[in-house]
Protein chains: 2
Amino acid sequence: MEKNLTIKDVAKKAGVSVSTVSRAFNNYSDINPETRENILKIAQELNYKPNIVAKSLSSNRNFRLGMIVEDYNITGMLNPLVFQIMMSFKSTADKLGYEVVLLSTNTDTQKSVKLSTIYSQKQFDGAFIMGLKLSDDYYRELIEFNHPCVLYDIYINNPNVGCVGVDNTKGSFLAVEHLINLGHKKIAMINGHKDAFVSYERLDGYMLALNRYALPVDKSLIYYADFTDQGAAAAVEELLIRHKDITAIFCASDLMAIGAINALNNRGYSVPDDISIVGFDDLYLAQLSNPKLTTIKQDAQAIGESVANLLINLISEQRIGRVVIQPEIVIRESTKAQYLKANP
Amino acid sequence: MEKNLTIKDVAKKAGVSVSTVSRAFNNYSDINPETRENILKIAQELNYKPNIVAKSLSSNRNFRLGMIVEDYNITGMLNPLVFQIMMSFKSTADKLGYEVVLLSTNTDTQKSVKLSTIYSQKQFDGAFIMGLKLSDDYYRELIEFNHPCVLYDIYINNPNVGCVGVDNTKGSFLAVEHLINLGHKKIAMINGHKDAFVSYERLDGYMLALNRYALPVDKSLIYYADFTDQGAAAAVEELLIRHKDITAIFCASDLMAIGAINALNNRGYSVPDDISIVGFDDLYLAQLSNPKLTTIKQDAQAIGESVANLLINLISEQRIGRVVIQPEIVIRESTKAQYLKANP
DNA sequence: GAAAATAACAAAAACGATTACGGAATTTTA
DNA sequence: TAAAATTCCGTAATCGTTTTTGTTATTTTC
């Protein structure tokens, strides 16, 4: 195992001091352009790269970002969106010169080790937290947190913590409006769970659309299915018993939408001929299902980028609280006009 | 932003020198047990945690692992298996006291920055590389690599690099054997692409099973579909033209299996009544499809753990080359007995 | 009971960078 | 042309640890 090159080796080879080499590498002003060029050339030849650990320690700028994801996103049927957002976040962080270290938490670990402890121990300049629930300990800690932090899909009113997410209310509105435009009047909603911030926003959008088009809101049409396909299937079973006259269901996730479609098929209903379905997320899964899913698209790439940019702005003391990504509706095959049932 | 506690603060409060505090934390022998207890208690009270960056620099043990994933796993329809393996790897690395930093590569970046450069710059003790292709620059570099490294789903004969993966040959064998046992005699295979190591192993398993049961191998029944659903759909189109008499298709991934099923449905064929399909991976997707997919399960949890353990063994100079995970067949609804066509 | 060994700690030198400070050479100013 | 400013670079302190070496008591050995 060959010994690693240090700044000293470069300095010796270039016949200058280490501080000069450092200056060359960090674009300092007080260095002769010729010297700089020469040093960089020699460094290039030697294939020298500064040791990032030493750099962190000495500069007290760590260029380290934590990416903390809740465990429940990992086990079972995990959300591919999370993965895409993570990778997008990583890529833009990379471009901006930050490395990202991966962490996970769950309700238990949150009780034993505080977020601020993680920051100081890990020397994070900031962190990106995904999958935080309203009932989490970290959610409470974040209310008065004083380190840079960015959250996805949950909002906290604290200048140190940024929040990015799709406009869920608008997304839901778009979904339900689309159904209404197709002539549907009795539209059920299968929501996530009540510990998720987005569930409230998505519910708002649903109600807003109904109100806007002067349709009655029937609370017995609203189910909570925990973001799982089985949960959605169970909800559909109940819906088919209690509300035989529904013609459309808006699901707060694609996975639940698939669960709903499968349950409907099992009961002999056809999507979209009997019942229209719209999902939320636009996972790749939405193109794979049969019929292909009409859904609300969350742009994972854009979300990841926004998170990284926001976080790094926060680190450099620029306070920008919230980034809202605009959702789009993607119309495929799971929704259909329902004029016949519209006015019986 | 409160200043972080250092070892000095603990030393001062405990009335000892910093070296004694360090000894207390690192289970050194030459320290009075009472002193140690006292120091640990005080550290606990102060909520002091050692700065990992300083620790790395001074001890020259970094406890840092790189997790490098190929870009093509990110864009487009990404494989959820990769995500699960990543998280499982992270969790066990965590338990063993290592932090993992996330990186990505692609064919281009591999040309400009060598793997060994990444190691020295990032101060990695080791790295886990996912998605490496046979045509990659890093593959070539790894042949004579002298840092600890573990690969998933690709094999290299080098004591410094470990390899873990499912027994692909056996997995394919199981899949095809299952079809043969159901009475299928004309079985097509839709493989991945030729830059993937696993494609060769999976092909081997297919041929092995045919030979074992004295069925002829017809190379025109073997397609390469790039691991995509569209590729598989295209392959199916061709198969339906050229080989109307096939009764089963083995796909080297679940995604391709879904693509095949959809294509068959579009052409008016029923799965499994007309044609049986088996996939590979056992993604959650396999349970969501209609019919539910019979497939070969890769245990992501076990793979991630094995990779982490193997890598850390490699780091501590213990040479264990390869870990092979046993695949299992999961029989669901996409395969069915085909006695009628078996002997016409 | 003097020499040797051990136990328990402190002092100081690393680790590999950044950066505050200072100083010589050169250029600008008056 | 002397003083001031600027340019360019070296010296040395620093970051928060670990680790080597040193030191003082105490214990063991013969």
Side-chain angles (χ1 to χ4, degrees), chain A residues 2-40 42-43 46-64 97 99 119-125, chain B residues 1-40 42-43 46-64 97 99 117 119-125:
Chain A
E2 76 274 5
K3 206 174 162 309
N4 283 335
L5 287 169
T6 74
I7 199 173
K8 280 183 201 163
D9 300 309
V10 181
K12 190 181 294 176
K13 185 94 181 256
V16 297
S17 73
V18 294
S19 60
T20 305
V21 178
S22 176
R23 268 187 287 253
F25 265 87
N26 294 289
N27 292 326
Y28 272 66
S29 54
D30 57 344
I31 183 174
N32 189 324
E34 274 180 35
T35 321
R36 182 212 306 278
E37 289 312 316
N38 185 243
I39 290 174
L40 292 182
I42 286 176
L46 293 175
N47 199 19
Y48 162 82
K49 301 275 176 180
N51 177 322
I52 200 177
V53 174
K55 192 168 179 149
S56 288
L57 185 61
S58 62
S59 65
N60 204 23
R61 295 228 35 199
N62 302 110
F63 297 99
R64 282 162 59 87
E99 73 174 23
Y119 269 71
S120 66
Q121 182 185 8
K122 289 288 196 173
Q123 296 293 112
F124 286 154
D125 296 322
Chain B
M1 184 116 55
E2 76 274 4
K3 205 176 163 309
N4 283 336
L5 288 169
T6 74
I7 200 172
K8 280 183 200 162
D9 300 309
V10 180
K12 190 181 293 176
K13 186 94 180 259
V16 296
S17 74
V18 293
S19 56
T20 305
V21 177
S22 176
R23 269 187 290 256
F25 264 87
N26 294 288
N27 293 325
Y28 271 66
S29 54
D30 57 344
I31 184 173
N32 189 323
E34 274 180 33
T35 320
R36 180 212 308 278
E37 289 312 313
N38 185 246
I39 290 173
L40 293 182
I42 288 176
L46 292 175
N47 198 20
Y48 162 80
K49 301 273 178 184
N51 178 323
I52 199 176
V53 174
K55 193 168 179 149
S56 289
L57 185 61
S58 63
S59 66
N60 203 25
R61 295 232 30 199
N62 303 108
F63 296 99
R64 282 162 59 87
E99 73 173 24
T117 309
Y119 270 70
S120 67
Q121 182 185 10
K122 290 289 196 172
Q123 295 293 110
F124 287 154
D125 296 322

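Here is how names work: the chains are called A, B, and so on, in the same order as the sequence lines, proteins then strands, and each is numbered from 1.
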Touch check for Phe25(A), heavy atoms < 4.0 angstrom, all strands: base, sugar-phosphate only, or nothing?
nothing

Nearest to the Ser22(A) side chain among dT18(C), dG10(D), dC9(C), which nucleotide is it?
dT18(C)

For Arg61(A), which contact category applies under a 4.0 Å heavy-atom criterion: base, sugar-phosphate, or nothing?
nothing

Considering every strand and a 4.0 Å limit on heavy-atom distances, what is the contact class for Asn51(B): base, sugar-phosphate, or nothing?
sugar-phosphate

Think Tyr48(A) has a side-chain N or O under 4.0 angstrom from the OP1 or OP2 of dA17(C)?
yes

Quick one: which of dA10(C), dT17(D), dA17(C) gets closest to the side chain of Thr6(A)?
dA17(C)

Donor-acceptor side-chain pairing of Ser17(B) and Thr20(B) below 3.5 angstrom:
yes

Would you mind reading off the distance between Lys122(B) atom NZ and dA17(C) atom P, rounded to a whole angstrom?
14 Å

Taking the side chain of Ser58(B) as heavy atoms from C-beta outward, which of dA17(C), dC8(D), dT17(D) is closest to it?
dT17(D)

Distance check needed: dT18(D) P versus Phe63(B) CZ, whole Å only.
10 Å

For Asp30(A), answer base if it contacts any base atom (sugar-phosphate contacts may also be present), sugar-phosphate if it contacts only those atoms, and nothing otherwise; contact means non-hydrogen atoms under 4.0 Å.
base

Distance below 4.0 Å between Asn60(A) side-chain N/O and dT14(D) OP1 or OP2:
no

Are any of the side-chain heavy atoms of Lys55(A) and Leu57(B) separated by less than 4.5 Å?
no

Within the modelled atom types, does a donor on one side and an acceptor on the other bring the side chain of Arg23(B) and the base of dA10(C) under 3.5 Å apart?
yes

State whether Tyr28(A) places a side-chain N or O below 4.0 Å from either non-bridging phosphate oxygen (OP1 or OP2) of dT18(C).
no

Using a heavy-atom cut-off of 4.0 Å across all strands, would you classify Leu57(A) as base, sugar-phosphate, or nothing?
base

Would you mind reading off the distance between Ile31(A) atom CD1 and dT7(D) atom P, rounded to a whole angstrom?
14 Å

Base, sugar-phosphate or nothing for Ser59(B)? Non-hydrogen atoms, less than 4.0 Å.
sugar-phosphate

So, OP1 or OP2 of dG10(D): does either fall under 4.0 Å of a side-chain N or O from Thr20(A)?
yes

Quick one: do the Gln121(B) and Asn51(A) side chains pair a donor with an acceptor below 3.5 Å?
no

Taking CG from Leu5(A) and C1' from dC15(C), how many angstroms apart are they, rounded to a whole number?
16 Å

How close or far is atom P of dA17(C) from atom CD1 of Ile52(A), stated in whole angstroms?
11 Å

Between Phe63(A) and Phe124(A), does the ring centre distance come in under 6.0 Å?
no

Whole-Å gap separating P (dC15(C)) and CG (Asp125(B))
18 Å

Under 4.0 Å, counting only non-hydrogen atoms across every strand here, what does Thr35(B) touch: a base, just sugar-phosphate, or nothing?
sugar-phosphate

Do Phe25(A) and Ile7(A) have side chains that get closer than 4.5 Å, going by heavy atoms?
no

Mind calculating the distance between CG (Asn38(B)) and P (dA8(C)) to the nearest angstrom?
15 Å

Less than 4.0 angstrom between a side-chain N/O of Asn32(A) and OP1 or OP2 of dT7(D), yes or no?
no

Gap between atoms CZ and C1', on Arg36(A) and dC9(D) respectively (whole Å)
13 Å

How is Val16(B) classified with respect to the nucleic acid when contacts are heavy atoms under 4.0 Å: base, sugar-phosphate, or nothing?
sugar-phosphate

Here's a test for you: under side chain to side chain contact (heavy atoms under 4.5 Å, CB included), which of Lys13(B), Glu37(B), Lys12(B) qualifies with Ile42(B)?
Lys13(B)

